[in-house]
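Single-structure report; data block below.
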Amino acid sequence: KGLRTTRKAIIGPWAHKYPHFAVPEPRIGFLQEALRWWDQWLQNVPTGVARDPDYRYYVMEAYKPGTFPERIDGRWLGDSFWGFGHVDTKKWSLNANGIGPTPGEEKALTVSSKQTTGVESGGEYCVIWLGPEFPGDQAKDDAQSITFDTPALVTDIDIVGQPAVELDFSVDKPVASVAVRLNDVWPGGEVSRITYHLQNLCMRDSRETPTRLEPGKRYRMKIKLDDIAWHELCDRNFLRSTIADDRGGDRDHRLEFGCGGIGPILLDQLQANAHDNHQRHHGSRARIAGRERDDCQQGQEHDQRVEQ
């Protein structure tokens with residue numbers, strides 16, 4: 001955003017390492033790609049790099065939880081902009097009986113999670129090097145959280161971009177945090193984490209100047225989860241949004257938020273021919289953007305030319 005010159009990005013399924021030897025596979029010829037770029041702009045060698053899609057990203061097939069997936073199946077796509085182009089936004093409501101297309105009756109829900117929530121299955125905050133640092137089965141953490149499940153999906157979905165949730169909440173302490181996860185639930189009960197975010201609620205207005213909360217006061221905050229590219233299967237899986245308080249050193253605080261009169265869950269990139277819900281509702285909501293599998297061919301399928 002904002003760049004007025006040639007820019008390119010290749011986003012794969014890897015941990016924080018160079019993609020010619022990173023895990024999980026598939027790897028790419030990172031050195032060859034770098035050479036194409038520098039030959040073009042430092043030596044004026046016509047490598048064709050300027051004609052590549054601005055964004056090439058790997059849409060991961062849904063995979064069962066494991067702290068060290070050696071390979072994640074998927075496919076490469078190319079687009080002009082991350083989060084634009086062939087991406088539509090789908091908005092859902094967090095209701096007391098699950099995730100729905102419209103808000104139900106507003107109801108206050110309270111959560112005070114155990115301090116062990118996320119210890120066994122959370123994975124590393126930043127997955128790096130070659131070790132087993134990916135998130136494990138989220139089922140135990142879900143049992144210590146408030147969860148919202150979708151009905152059975154009627155089509156496969158590519159979730160591409162930055163999911164977001166808008167919460168109406170109050171707390172009983174002046175300092176509080178929340179953990180929001182988007183999960184993939186398998187028929188056998190295993191739960192894979194698609195993406196997540198840990199949010200200090202004192203930063204609701206500003207990250208630079210956090211301010212204490214007033215206990216009992218109702219606030220609203222939009223929380224953006226980490227960017228992701230994930231292919232969700234309609235024939236056997238469903239999506240789950242989870243909310244838990246992330247207490248750190250405070251053992252006792254409780255988080256209360258309204259659901260129902262809640263607006264939508266926005267998975268900020270659900271490339272679907274989904275009708276955007278532009279109505280405003282009081283309460284929490286979330287957003288997903290992406291594309292239905294039948295429509296994914298509208299995006300340019302792009303195989304990496306250089307593979308190791």
Side-chain angles (χ1 to χ4, degrees), residues 59 62 83-109 111 138 142 145-169 178 180-187 191-197 218 220-225 227-243 256-296 298-299:
V59 181
F84 297 92
H86 302 287
V87 174
D88 293 328
T89 298
K90 176 72 173 178
K91 297 184 178 181
W92 287 326
S93 294
L94 300 177
N95 297 318
N97 60 350
I99 295 173
T102 58
E105 181 180 355
E106 182 167 338
K107 180 180 179 181
L109 301 176
V111 61
Q138 303 292 294
D142 286 1
S145 310
I146 295 178
T147 62
F148 302 89
D149 294 348
T150 64
L153 300 176
V154 297
T155 183
D156 287 8
I157 296 174
D158 289 338
I159 301 172
V160 179
Q162 191 171 38
V165 61
E166 188 172 275
L167 294 179
D168 274 12
F169 67 92
V178 66
V180 180
R181 291 172 293 132
L182 178 64
N183 291 340
D184 190 339
V185 183
W186 296 80
V191 182
S192 301
R193 193 181 75 196
I194 300 174
T195 182
Y196 78 116
H197 185 70
R218 184 163 175 165
R220 174 173 290 185
M221 185 175 188
K222 182 177 180 180
I223 299 172
K224 295 181 178 181
L225 283 65
D227 290 90
I228 194 65
W230 182 278
H231 177 57
E232 180 65 18
L233 305 170
C234 70
D235 58 345
R236 59 178 182 266
N237 293 17
F238 61 89
L239 294 172
R240 170 176 291 165
S241 178
T242 75
I243 298 173
E256 180 178 284
F257 65 97
C259 75
I262 279 175
I265 269 188
L266 315 175
L267 289 189
D268 202 7
Q269 248 108 3
L270 212 69
Q271 264 173 302
N273 280 342
H275 177 66
D276 279 1
N277 178 355
H278 294 292
Q279 300 179 29
R280 290 193 173 273
H281 305 289
H282 297 292
S284 309
R285 59 186 180 185
R287 177 181 72 184
I288 296 181
R291 79 178 91 204
E292 293 178 358
R293 184 64 183 98
D294 292 344
D295 295 329
C296 71
Q298 295 177 5

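What's counted below: heavy atoms across the whole structure, side chains too, no hydrogens, waters or symmetry copies.
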Minimal heavy-atom distance between Trp186 and Ser192, with the atoms involved, is NE1-OG, 3.0 Å
Does Ile99 reach the side chain of Leu94, with side-chain heavy atoms less than 4.5 Å apart? yes
Those residues at least two apart in sequence (or on a different chain) that pass side chain to side chain donor-acceptor pair (under 3.5 Å) with Thr147 are none
| query | Without hydrogens or angle criteria, can the side chains of Thr195 and Arg181 be said to hold a donor-acceptor pair below 3.5 Å? | reply | no
Any chance the side chains of Asp184 and Trp230 put a donor and an acceptor closer than 3.5 Å? yes
- Query: Just wondering, do Arg220 and Glu166 contact through their side chains at under 4.5 Å, heavy atoms?
  - Reply: yes
With a 4.5 Å limit on heavy-atom distance, are the side chains of Asn183 and Phe238 in contact?
-> no
To the nearest 0.5 Å, atom OG1 of Thr102 lies from atom NZ of Lys91 at 14.5 Å
- Mind checking whether Ile194 and Glu232 have side chains closer than 4.5 Å, heavy atoms only? yes
Minimal heavy-atom distance between Pro103 and Ser93, with the atoms involved, is N-OG, 3.1 Å
_Stepwise side-chain contact (heavy atoms from CB on, under 4.5 Å) check, Phe148 with Asn97_ = CA-CA 7 Å; Phe148 302 89; Asn97 60 350; over 6 Å; no
Q) Should the pair Arg218-Glu106 be classified as a salt bridge under the 4.0 Å nitrogen-to-oxygen rule? A) yes
Heavy-atom nearest pair, Gly104 first then Asn95, reads N-OD1, 2.7 Å
The salt bridge (Lys or Arg N to Asp or Glu O under 4.0 Å) partners of Arg240 (sequence neighbours excluded) come to Asp142, Asp149
Side-chain contact, heavy-atom cut-off 4.5 Å: Val59 with Ile159?
-> no
Rounded to the nearest 0.5 angstrom, the CD1-OH distance for Ile223 and Tyr196 is 14.0 Å
### Query
Can you find a heavy atom in the side chain of Leu182 that is under 4.5 Å from one in the side chain of Leu225?
yes
